[in-house]
Peer 1: 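Here it is: the structure, laid out below.
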Number of protein chains: 2
Amino acid sequence: MQIKEVVAFGHRHFLPNLSIDLVIIGYGDDALQCLLLKVGDKWLLPGGYVKREESVEEATVNILRTRTGLEDTYLKFLAVFGGKDRQFSEVSREFMQKLGMEWSEDYWMNNRFVSLTYYSLVNKEKTHPKISFVDEAFAWFDFDDLPEMWMDHRDIVLTAREQLTRDAQREYSAHNLLPEVFTMPDLHRLHQAIVGSKVDRSRFQKTMLATGLFERLPRVQKTTPGRNPYQYRLKK
Amino acid sequence: MQIKEVVAFGHRHFLPNLSIDLVIIGYGDDALQCLLLKVGDKWLLPGGYVKREESVEEATVNILRTRTGLEDTYLKFLAVFGGKDRQFSEVSREFMQKLGMEWSEDYWMNNRFVSLTYYSLVNKEKTHPKISFVDEAFAWFDFDDLPEMWMDHRDIVLTAREQLTRDAQREYSAHNLLPEVFTMPDLHRLHQAIVGSKVDRSRFQKTMLATGLFERLPRVQKTTPGRNPYQYRLKK
DNA sequence: TCAAAAGTGTTCCTGTTACACCCATGT
DNA sequence: ACATGGGTGTAACAGGAACACTTTTGA
């Protein structure tokens with residue numbers, strides 16, 4: 001694809017100067033993790049642009065789907081990042097060079113962008129990230145072990161982490177982070193990973209069940225020692 | 001000003017397809033009110049655009065200042081309104097006609113816009129709205145007595161109302177809505193107007209004073225019957 | 001001048017809910 | 001050893017009720 005075509009394509013199909021960035025959050029090994037894409041020697045949040053004929057919400061859902069294959073996910077608005085110096089010059093030069101293409105000042109992506117950021121809670125097992133021609137790899141990173149990232153994407157990730165913690169303290173925020181069927185100890189561990197502190201086990205179970213959000217299923221049959229826990233499912 | 005100049009000016013100076021809309025909230029007669037501008041036979045939220053050389057936050061503050069003359073105000077992000085059919089065709093045609101100018105499809109404002117909305121709490125007495133060449137009047141409206149408004153601006157206003165009520169239930173949200181010096185009954189009435197329900201007087205006073213946010217001043221000298229109330233001021 | 005009414009600040013009380021922690025019981 | 005879930009004492013909170021005080025108003 002020639003640069004001029006890309007430029008023209010960008011301007012014709014997308015709202016200029018506006019980008020969507022997603023903090024895609026998964027859960028594994030008792031820790032929250034975040035999906036990042038590698039461009040050059042640094043990492044980037046998955047994201048995209050708003051097509052002229054779609055709403056911002058549709059764009060967000062579409063980006064998430066094309067990036068991860070996920071349909072029915074939990075998406076929540078995070079913040080506007082609108083600093084006057086938010087532009088992709090470095091990133092764009094980096095991967096243009098990698099592709100052997102000539103970097104040009106007026107490449108449409110090499111502009112100032114206002115970024116609308118969202119966070120999404122996903123089931124890692126069901127997530128199948130797709131590499132575009134821009135990025136060379138993807139990986140899940142623990143929130144407290146993030147790599148070097150382009151621009152202010154590290155700030156965005158950390159903002160999402162804080163927001164999720166706050167959200168989890170006043171509402172149920174574990175959507176998609178566990179398999180469809182889970183036990184109360186599972187949920188308890190996840191919740192502790194989200195809020196980042198110990199939570200009383202007995203009270204947690206009480207308050208969770210009191211919400212009425214959960215449907216109790218038969219006990220799991222374990223071989224490990226100890227009483228067999230009930231399984232639960234989110235009521236729809 | 002010729003249309004072509006306006007078009008050129010818009011494209012040169014502003015980020016296209018991105019607008020800022022402000023829900024400016026004041027307080028009077030025990031009710032919350034909202035500042036609107038009249039264009040043609042309907043009303044509109046005050047707003048503006050983001051200059052290429054300023055951040056979104058700076059733009060928001062600047063818009064508020066040029067529209068109301070207010071400096072130091074309380075501004076809070078509300079939501080993104082990003083529907084695919086959000087365009088100003090009607091409004092723009094309306095006031096172009098009024099100005100005796102020819103309406104044209106490619107007038108830069110006659111585009112789809114993604115709107116970043118904020119709400120601001122202001123002191124009505126200190127607010128001096130400025131009419132631009134676009135709008136012909138301004139007025140304060142009670143939230144439950146809104147006029148017909150352009151586009152989805154009514155939704156925006158109602159969203160702001162809900163958000164403010166929620167905010168007031170967990171944090172102090174009366175910034176600027178009262179004069180610098182006020183009494184506890186004043187604050188109590190305001191708080192009830194915000195949350196939209198009766199609040200126990202004695203407990204309210206207790207919790208407000210317990211926050212330590214307030215500085216007690218000498219009693220006011222009244223002419224109305226009853227004990228003279230203390231005055232308070234927000235500690236800085 | 002005096003009593004009534006009305007607005008304000010503060011304390012006390014009571015029932016309820018929330019919270020933190022322990023431990024009995026079942027597998 | 002692990003999971004469930006009951007119990008218990010404490011703290012926080014909501015909502016009144018009561019009361020003290022101050023000032024206007026009207027008889």
Side-chain angles (χ1 to χ4, degrees), chain A residues 29-30 165-174 178-235, chain B residues 27 29-30 165-174 178-179 181-235:
Chain A
D29 302 321
D30 288 0
T165 301
R166 261 196 297 275
D167 290 349
Q169 274 155 1
R170 65 163 174 283
E171 61 186 298
Y172 174 75
S173 291
L178 288 173
E180 206 170 318
V181 167
F182 49 86
T183 69
M184 200 50 76
D186 289 338
L187 190 59
H188 182 230
R189 275 190 297 274
L190 167 59
H191 190 260
Q192 290 188 145
I194 297 179
V195 301
S197 62
K198 294 277 170 208
V199 173
D200 177 68
R201 174 73 175 79
S202 153
R203 196 164 43 81
F204 176 77
Q205 176 144 348
K206 262 176 281 194
T207 45
M208 281 301 112
L209 294 179
T211 64
L213 288 172
F214 302 94
E215 185 182 348
R216 175 172 285 183
L217 304 174
R219 294 173 186 275
V220 68
Q221 299 305 323
K222 296 191 305 171
T223 56
T224 54
R227 190 173 178 174
N228 290 344
Y230 291 109
Q231 294 183 298
Y232 294 89
R233 179 165 58 191
L234 261 184
K235 279 186 193 164
Chain B
Y27 172 63
D29 302 322
D30 288 1
T165 301
R166 260 195 298 274
D167 290 348
Q169 275 155 1
R170 65 164 173 281
E171 61 186 299
Y172 174 75
S173 291
L178 288 174
V181 167
F182 49 87
T183 69
M184 199 50 75
D186 289 339
L187 190 59
H188 184 229
R189 275 190 296 273
L190 167 59
H191 189 259
Q192 291 188 144
I194 297 179
V195 301
S197 63
K198 296 276 171 209
V199 174
D200 177 68
R201 174 76 174 76
S202 77
R203 196 167 45 80
F204 177 77
Q205 178 142 349
K206 248 179 294 185
T207 45
M208 281 301 112
L209 294 179
T211 62
L213 288 173
F214 301 94
E215 183 182 351
R216 176 173 282 182
L217 304 174
R219 294 172 184 276
V220 70
Q221 301 304 324
K222 300 188 305 169
T223 56
T224 55
R227 188 174 180 174
N228 290 344
Y230 290 109
Q231 293 183 298
Y232 294 90
R233 178 165 59 191
L234 259 185
K235 278 187 194 164

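Chain letters run A, B, ... following the sequence lines, proteins first and then strands; every chain starts at 1.
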Peer 1: What is the distance from CE of A:M208 to P of D:dG5, rounded to the nearest Å?
Peer 2: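 Distance, rounded to whole Å: 15 Å.
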
Peer 1: Can you measure B:Q169 atom CD to D:dA14 atom P for me and round it to whole angstrom units?
Peer 2: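 Taking atom P of D:dA14 as the reference, CD of B:Q169 is at 11 Å.
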
Peer 1: Can you tell me the distance, in whole Å, between the CG atom of A:D186 and the C1' atom of D:dT4?
Peer 2: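 Interatomic distance, CG of A:D186 to C1' of D:dT4: 15 Å.
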
Peer 1: Would you sort out whether A:F214 and A:L187 count as a side chain to side chain contact (heavy atoms under 4.5 Å, CB included), showing the intermediate values?
Peer 2: CA-CA 11 Å; A:F214 302 94; A:L187 190 59; 3.8 Å; yes

Peer 1: Classify every nucleotide of nucleotides 18-27 of chain C by which part a protein heavy atom approaches to under 4.0 Å, writing B for the base, S for the sugar-phosphate alone and - for neither, in 5'-to-3' order.
Peer 2: -SBBB--BBB

Peer 1: Answer yes or no: does atom CG of A:D30 have more than 12 heavy-atom neighbours from other residues, nucleotides or ligands under 6.0 Å?
Peer 2: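 Yes, enclosed.
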
Peer 1: Are there more than 12 heavy atoms of other residues, nucleotides or ligands under 6.0 Å from atom CD of A:E215?
Peer 2: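 Yes, because the 6.0 Å sphere around CD of A:E215 holds more than 12 heavy atoms from other groups.
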
Peer 1: Would you tell me if any nitrogen or oxygen in the side chain of B:Q205 comes within less than 4.0 Å of OP1 or OP2 on C:dT10?
Peer 2: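 Yes, within the criterion.
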
Peer 1: Please state how far atom CG in A:L209 lies from atom C1' in D:dG5, giving the value in whole angstrom units.
Peer 2: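 Answer to the nearest Å: 10 Å.
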
Peer 1: Take the protein atom NZ of B:K222 and the nucleotide atom C1' of D:dC21, then report the distance between them rounded to whole Å.
Peer 2: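 Result: 12 Å.
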
Peer 1: Residues in side chain to side chain contact (heavy atoms under 4.5 Å, CB included) with B:Q221, at least two apart?
Peer 2: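 B:Q221 satisfies side chain to side chain contact (heavy atoms under 4.5 Å, CB included) with B:N228 once adjacent residues are dropped.
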
Peer 1: Separation of B:Y230 atom OH from C:dG7 atom C1', in whole Å?
Peer 2: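 Taking OH of B:Y230 and C1' of C:dG7, I get 14 Å after rounding.
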
Peer 1: For the pair B:T165 (side chain) and B:I194 (backbone), establish whether a donor and an acceptor sit closer than 3.5 Å, ignoring hydrogens and angles.
Peer 2: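 Present.
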
Peer 1: Is NZ or CZ of A:R216 both nearer than 6.0 Å to the six-membered ring centre of A:Y232 and within 45° of the ring axis?
Peer 2: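 Output no; distance or angle outside limits.
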
Peer 1: Taking CD from B:Q231 and P from C:dT8, how many angstroms apart are they, rounded to a whole number?
Peer 2: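 So the CD-P distance, B:Q231 to C:dT8, works out to 12 Å.
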
Peer 1: Rounded to whole Å, how long is the line connecting atom CZ of B:F204 with atom P of C:dT11?
Peer 2: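 Nearest whole value for this atom pair: 17 Å.
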
